[in-house]
Undergrad: 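Below: one structure in structure tokens.
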Amino acid sequence: MPVPEDRRLTEIASRLHREDPRFARALADGRPHRPREYRFHRAWLLLTAALGALAAGMFLAHGLLIAAGLVLAGVAGELFDPHRRERGTRYPPSGS
């Protein structure tokens with residue numbers, strides 16, 4: 001029978017492989033990649049598009065384009081939070 005620490009380590013390893021197989025594979029190869037929660041490629045792309053829309057809206061004096069750029073920048077800012085999935089819902093469920 002395995003020692004409780006060994007069982008716990010096995011559970012952690014299986015959960016890591018289930019949540020982020022690319023990171024687990026790279027870790028096993030000895031060349032780890034960033035975990036999924038610290039990969040910000042989409043966030044940088046969205047932030048670039050948001051700043052482009054904001055700049056174009058300011059240049060053209062177009063309010064809707066400025067507003068869209070600001071909203072997209074807010075969404076991109078939210079994507080930079082590595083723990084956004086752990087927070088759960090914003091509002092607690094109503095228990096009436």
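Note that the structure is predicted; figures quoted are calculated from it, not measured. Worth knowing before you read on, the calculation uses all heavy atoms, side chains too, and leaves out hydrogens, waters and symmetry mates. For the single chain, residues carry numbers from 1 onward in sequence order.
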Undergrad: Should Leu47 and Phe80 count as side-chain neighbours, where that means a heavy-atom distance under 4.5 Å?
TA: yes

Undergrad: Which heavy atom in Ala53 sits nearest to a heavy atom in Gly69, and how many Å separate them?
TA: CB-CA, 4.0 Å

Undergrad: What is the minimum heavy-atom distance between Ala73 and Ala50, and which atoms define it?
TA: N-CB, 3.4 Å

Undergrad: Taking a hydrophobic cluster as the set of Ile, Leu, Val, Met, Phe, Trp and Tyr residues connected by side-chain heavy atoms closer than 4.5 Å, whether directly or through intermediates, do Leu65 and Leu51 fall within one such cluster?
TA: no

Undergrad: To the nearest 0.5 Å, what is the distance between CD (Glu11) and CZ (Arg15)?
TA: 8.5 Å

Undergrad: Output the distance between atom CE (Met58) and atom CD1 (Ile66), rounded to the nearest 0.5 Å.
TA: 6.5 Å

